[in-house]
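Computed from heavy atoms alone, side chains included, the values below leave out hydrogens, waters and symmetry copies. This is a predicted model, so every value here is computed, not measured. Every chain is numbered from 1, with letters handed out A, B, ... down the list of sequences.
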Amino acid sequence: MFAQQLVNGLVVGSTYALFALGFTLMFGVLGVINLTYGFYLSVGAFLALFATQHGVSIWLALPLAALASGCVAVLIDGLLLTPLRRAKAPELASLMVTLGATLLLYSLANAALSTDIRRFPPGVIDANALEIAGIRITMTQCLIIAAAGIIVSVLLWVMNGARIGLGLRALAERPDAAALMGVNAGALVRLVSLASGTLAGASGVLIGLNYNAIQPYMGEVMMLKGFAVIILGGLGDIRGALVAGLVVGMLETLTAGYVASSWKDAVGFVLLVLTLWIRPSGLFGRLAVKRA
Amino acid sequence: MSEPKMSEPLLSLRDLRIGYGGATEAVKGVSLEVRAGAVVCLIGANGAGKTTILRCLSGLLRPRGGSVHFKGRDIGGMAAHRIAALGLVQAPEGRQVFANMTIAENLRMGAWLLKDRAEEARRRDMVLTRFPRLSERIRQLAGLLSGGEQQMLAMGRAMMADPQMLLLDEPSMGLAPLFVEEIFRIIAELKAEGRTILLVEQNAQAALDIADHAYVLQSGRIELSGPAAEIARNEKVVAAYLGG
C-alpha cells in the first residue's frame, strides 16, 4: 500500500538527510571532503548499542552517543586536518590523509569488534505500533522522524537565524575576511566538527535502530550514499542535503516496494549520475556569484 | 596593559621582515610608525610588499623577524581575530565582501565582536548615512554590487567594528573615476573625524594629497619617508609614481 511505503520512505529518508547534513556542513564550512566522516556513524551506533546493553534508556543513549561521536570528530579533525590547515596544504592532501585514517580506523574497529552483526537488546524500544488510517508506524519510526525533525530544525535555525550561523557562512565563503572581522576560525572549526560528528552519530543510532543491525562498516556503506545525496542536493548546501536525503530514501523504499529490493541500492547512484549529467551543481547548488 | 602615552605611536613596526617560505623575503626590514589621529600612506609599485605588510599587521601572515606593536602591545604573530579585537581592523585588498550574504548581513559581520545590539544598530545607521547607496540595497546580495559599491561595503563593514585604527588596502583599485573620487572623499571625512588610518595605495597622487605622512616602499624596503607634502615634491617620487 502506497501510503505505508511513503511513511517507510520518510523514515529512511530522515536518516539519510541527517547523515548528509553533517557531511555537507563539514564540506561547506571547512572546505574539505573528510572521508573519516562515515566512521562517526559507526561510532554513534556502537556507543548507543553498548549503552543500551548496560541498561541505559535509548532516549538518553541517542543524544549521548551522538554527542560522543561529535567529540571523536573534533579529536580526529584536530589531529589530522588542523595541521594541514595551518600549513595551507592543498585539498588533495586532506583527502589522502583522511582516506588513510579511514582505513586505519575501520581496521581497528574491525579487529576490536569483529564484523558480526549485532542487535539492540530486546525491548530497547516499545514494540507496539501506532495505527493511523491503516498505516502502521512503529515506535522506532516515530523516534526517527521526531529526532530527525528536531535536529534539522535546530540546525536550520542556527544556520539562518542565529549569529553563529552568519559567522559560519562567512568562514565558509572567505576565511581571511572572516578572521579580519574577529571570527575565531579555530573555535568555529571545532564547533562544525562537533556538529557534523553529532549528526553522523545520531544518524548511526537511528539507522541501527531502523534495521536493528549494527556492525563496524555500516558507516562506510552510508558514506557512498552520502556522496550521492550531497551531490544531488548540491555540495555544501544545507537545504539540498535535507531534500535530497528525503528524496533518495523515499525512492529507495518505493523501488524496493514496487520494483525489486535488489534494485534499491542502485537508486542513489542512478540519481548521482543523472545529476552530474544534467545539473552538476545539484538541486540547490547555485553557480558561484561572480566577484568583481 | 597601559594606555599609550601621547608621544608613543599607536602602531609601530621595527625592522619587520616577512617571507612566504623559501629564502626570499617579500618584506626586508621595514620600520614605520602611525600616530593616533594621523593618516599615513604607504605607496609603492605593484609587488613592493604593501599588501604583505598589511596582511601581517592583521595577523594573516606571521612575521619572520622584527616587531609590530599596537597600543604598546606586541602583536607580531598574534591570531587575526585577536588583533581585530584590539581595534586594528582592515578593509582588505580586493574588497573581500561576503558575496553570498546581503549587505545587512555583511555589516552585521563587521560588528561580529560587538555584543551590544543597540550599539550595533547605531553604528549601522552611521554607516548607512555615510554610504546611502548601501542603504538602498540593504537586502541585496553583496555579490551583485558593482566594484565601487563593494568597496563602500568593505569600508562600511570595517567601520562597524568602530576601529581604533583602520587599515585600507588599495581602496581605489579597479574603480571607475567617479567612485575613486567618492572613496577618497570618504577617507577625508574619516580623517576629519580624527580617525587613524594606514592607507596602502597605488594611486599615489590621491594618497599623498590626503595623508599627513608617507612611506615609499620599494622591493620590500622603505625607500623614502616624510611628511606627505614633501614626498609629493620629491623628484624621484614624481618621476616614478606621479607620472611626472
Does the side chain of A:Val183 reach to within under 4.5 Å of the side chain of B:His81, using non-hydrogen atoms?
no

Verify the neighbour count for atom CZ of A:Arg86: are there more than 12 heavy atoms of other residues, nucleotides or ligands below 6.0 Å?
no

With a sphere of 6.0 Å drawn around CD of B:Glu136, does it hold more than 12 non-hydrogen atoms of other residues, nucleotides or ligands?
yes

Kindly indicate whether the side chain of A:Met181, heavy atoms from C-beta on, has any atom under 4.5 Å from the side chain of B:Leu113.
no

Heavy-atom pair of closest approach, residues A:Ala179 and B:Leu60:
CB-CD2, 4.3 Å

Heavy atoms only: give me the nearest A:Leu180-B:Ala84 pair and the separation to one decimal.
O-CB, 3.4 Å

Could you tell me which portion of B:Arg82 (side chain, backbone, both or neither) has an atom closer than 4.5 angstrom to a non-hydrogen atom of chain A?
neither

Does any backbone or side-chain atom of B:Leu114 lie under 4.5 Å from a heavy atom of chain A? Answer side chain, backbone, both or neither.
backbone

Presence of salt bridge, A:Arg163 and B:Glu105, under 4.0 angstrom
no

CG on A:Leu166 to CE on B:Met101, rounded to 0.5 Å
4.5 Å

Search all heavy atoms of B:Asn100 against all heavy atoms of A:Glu173 and return the closest pair with its distance.
N-OE1, 3.0 Å

Closest approach of B:Val97 to A:Arg174 (non-hydrogen atoms, all atoms of both residues)
O-NE, 2.9 Å

